[in-house]
2 protein chains.
Amino acid sequence: MDKTQKITIKDIARQTGLSKGTVDRVLHNREGVSKKSYAKVMKVIKDLGYEPNIYASLLAKHTERVIAVILPRCKSGEFWELSDPGIERGKEFAHNLGINVRRFNYDQYDENSFRRACNEALAMDPAGVVLPPMFRNETMIFVDKLRDRDIPHVYVDTKLETNGYLAYFGMPIYQSGYLCASILTDDTPTNEVAVIRIQRDKHGQSDPTINRREGFNDYIAEHFPNCRIHNVFINPNRPEEIDGILEEFFRSNPRVSQIAMFNSRIYLITPFLERHPEKKYRVVGFDNLAANLSALRSGMVTSLIAQRPDEQFYGAIKALTDFIVFGKVPSIRDNFMPMDILTRYNAEYY
Amino acid sequence: MDKTQKITIKDIARQTGLSKGTVDRVLHNREGVSKKSYAKVMKVIKDLGYEPNIYASLLAKHTERVIAVILPRCKSGEFWELSDPGIERGKEFAHNLGINVRRFNYDQYDENSFRRACNEALAMDPAGVVLPPMFRNETMIFVDKLRDRDIPHVYVDTKLETNGYLAYFGMPIYQSGYLCASILTDDTPTNEVAVIRIQRDKHGQSDPTINRREGFNDYIAEHFPNCRIHNVFINPNRPEEIDGILEEFFRSNPRVSQIAMFNSRIYLITPFLERHPEKKYRVVGFDNLAANLSALRSGMVTSLIAQRPDEQFYGAIKALTDFIVFGKVPSIRDNFMPMDILTRYNAEYY
DNA sequence: ATTTTTTCCGTTACCGTGCACGAATCGTAA
DNA sequence: TTACGATTCGTGCACGGTAACGGAAAAAAT
């Protein structure tokens, strides 16, 4: 308890017969301290269990420190917007400890714009960086620069298998696919399922849905080896085509009644679903976008699996702040967020 | 941004032609300030957008402030233990803002012990109190005393319909029953379900399972009006009887294959379930106790609905701290936690 | 008008750290 | 021994706010 008066630098100075200036030098590993004094101070610090007073420290130190958060520009209704509240909470947390959080946005389909955002962040000489590694190569280059300058960084969403990162906050992607399959089939015998996929020209971006699909396929293979998985491709840039494709597919495969989608755009198929309420499709998608939630509420979508992007960013900023201010290395390096199962009956509380 | 130098009380003193002492008095509503000066200071504070520096404040203020958390003694493996990590996180948060969190425990079946804990807390002259209102009457009396002393309090878990509380953090209990029914039936036609209930001599305690049962019954009535709900009573204090009761019931009701339980003790029936793996019961319970989780992993329990008791306490302590330190009144007074649906495939990430 | 009381306000000494400045001490070479 | 640079260390102010102390001004009482 705090019954005993808190130990201060002055106490240590007195105990060692040195001055607070010297104690301060030891505490910050600054040069100009003899080995003997250094050892003496360290010993007393340990014996007395000294803990610095952060208020006093923050008050006396007037360097502006900033954490850079580099992420795709949040378009309204899209995935990255979900991380917003988490960033705000992180900002508040960091602010209480004297650190500003600044965001650097880029176009998630434009590698150059990503590079620009990174450089912009670097120019601020940040005390730490949070980013999802959207473009593999550019991220590697950027992270190397950070390492040169001793700037810690934390990955969110996905991570790179480099080992310089301080922490990672994301979802267990493979398992999310596995979970998706278990919900879709509800563990009851299943012969055919449809997976709606998105046709896209690759840009060297990391694509978490690949991993997720593996988990899905594995679950199906393990539990229902005879189940057939149909792949249906749609193109979000040609919304007018989608309905036709779906109509066509489900007309020729009338026995398929379970539908999954591995990205956040399950809402794309709701118009189709709404035209076939009698079919009672079982539909599982990902992420609690507003459009997805409304499909959930109306009963078109059965379940959504949500990954708390906000918690990811909050966790990342908090971990970075703790490291910068207190020197605390995160006890867990790879942090997996819970996968929330949302149905129409619990969605409104998320 | 913080480009412009932060406004300090010295700035305000200069602007108003008064001294920092007076400004300080105004800021804390202390007496001894003329109306004229008061108004002048308030105006300048507003004009310049002054925000106090909490570090300096915390540093200069040497009063020990404490938040009292009054809750049942956490027995290992029982419900209240789940709130522990949340209290710890809250403690850390509060600590960063110069507030200590102290717990006061009592026996959850003993009203006198609850009263003693309350008085003990009161004797510390706390700056705020967090408590689940376990005993209605005693809580009312206690809360009245708090109000007399202007001590804010926050309810967790359940709330009383008094209106003196600062905030409430809990789960939507009725809806949790509704959700439970929807998961148990998976929206497919159902004729019979079993609800395992606990026989207990009432002690004037609040019993959230009543409300939950209502939600459950309503869902069933709305969706499957012909479904029969069997009530099976067991007594946790006579564990040796439980198996016999269950065997007996399910022998005479062989068509019942869906089981729900509204308290946190679904684990009580796993021995029975394990002896009948061929029946493939669909089982839904509440709360992620260690014992429940292991039943989930082994496949005996289908789903658990968890209510994040830790988040409740964290939220409560945070809200109280924000109120005490910054005077912030919570933007949302009644805060409902998400109801997490846990299955064997996502449970390990909670 | 003078004294007493009350109201109002400025001054000042902190709180615990950070850091710049300059002084003391040490080692080494002339 | 003296001189001189390099180390090592102590001193003191600053950070922004708090609150006790006591003095000045205003109001009330004599």
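Keep in mind that what you see is a predicted model, and the values were worked out from it rather than measured. Throughout, protein chains are lettered first and strands after them, A, B, ... in sequence-line order, and every chain is numbered starting at 1.
- Using a 4.0 Å cut-off, no side-chain N or O of A:S57 falls inside it from OP1 or OP2 of C:dG16.
- Of all nucleotides listed (D:dC15, D:dG17, D:dC9), D:dC9 comes nearest to the side chain of A:L18.
- Put simply, CZ on A:R30 is 13 Å from P on C:dC21, counting in whole angstrom units.
- Residue A:Y38 is classed as having no contact, given no heavy-atom separation below 4.0 Å to the nucleic acid.
- Closest to the B:L59 side chain, of the nucleotides D:dG17, C:dG18, C:dG16, is C:dG16.
- Residue A:Y55 places no side-chain N or O under 4.0 Å from the OP1 or OP2 atom of D:dT18.
- At a threshold of 4.0 angstrom between heavy atoms, the contacts of B:G17 are confined to the sugar-phosphate backbone, with no base atom among them.
- Whole-Å rounding puts the B:E31 CD to D:dA19 P distance at 14 Å.
- The nearest whole Å value for the distance from the CZ atom in A:R65 to the P atom in C:dG18 is 10 Å.
- A straight line from CD1 of B:I9 to C1' of C:dG10 spans 13 Å, rounded to a whole angstrom.
- With A:F114 as the fixed residue, the ring-ring contact (aromatic ring centres under 6.0 Å, His included) test singles out one of A:F104, A:F135, A:F142: A:F135.
- Side-chain atoms of B:D11 come within 3.5 Å of backbone atoms of B:T8 as a donor-acceptor pair (strictly under, hydrogens ignored).
- The distance between atom NZ of B:K35 and atom P of C:dC9, rounded to the nearest whole Å, is 12 Å.
- Comparing atom distances between the B:V33 side chain and each of D:dG16, C:dC9, D:dA19 picks out C:dC9 as nearest.
- Within the nucleic acid shown, B:L27 has no heavy atom closer than 4.0 Å to any nucleic acid atom.
- Both tests do not hold together for B:K159 against B:Y155: distance to the six-membered ring centre under 6.0 Å, angle to the ring axis within 45°.
- Judged by distance alone, with hydrogens and angles left aside, B:R25 brings a side-chain donor or acceptor within reach of the base of C:dG10, the pair sitting under 3.5 Å.
- OP1 or OP2 of C:dC9 has at least one side-chain nitrogen or oxygen of B:S37 nearer than 4.0 Å.
- Regarding A:K10, its NZ atom lies at a distance of 15 Å from the C1' atom of D:dG10, rounded to whole Å.
- When the side-chain nitrogen and oxygen atoms of B:S34 are compared with OP1 and OP2 of C:dC8, none of them lie within a distance under 4.0 Å.
- Closest non-hydrogen pair, A:C74 versus A:R103, comes out as SG-NH2, 3.8 Å.
- In this structure, A:K20 places its NZ atom 14 Å from C1' of D:dC9, rounding to the nearest Å.
- We find that NZ of A:K61 is positioned 9 Å from C1' of C:dT17, with the value rounded to whole Å.
- A:R102 has its side chain out of reach of A:V69: every pair of non-hydrogen atoms, C-beta onward, lies at least 4.5 Å apart.
- For B:S19, a side-chain nitrogen or oxygen approaches OP1 or OP2 of C:dG10 to under 4.0 Å.
- Counting any heavy atom pair closer than 4.0 Å across all strands shown, B:N53 reaches sugar-phosphate atoms only and no base atom.
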Review point. Could you go step by step and tell me if A:Y165 and A:L131 meet the side-chain contact (heavy atoms from CB on, under 4.5 Å) rule?
Key: CA-CA 11 Å; A:Y165 62 95; A:L131 80 169; over 6 Å; no
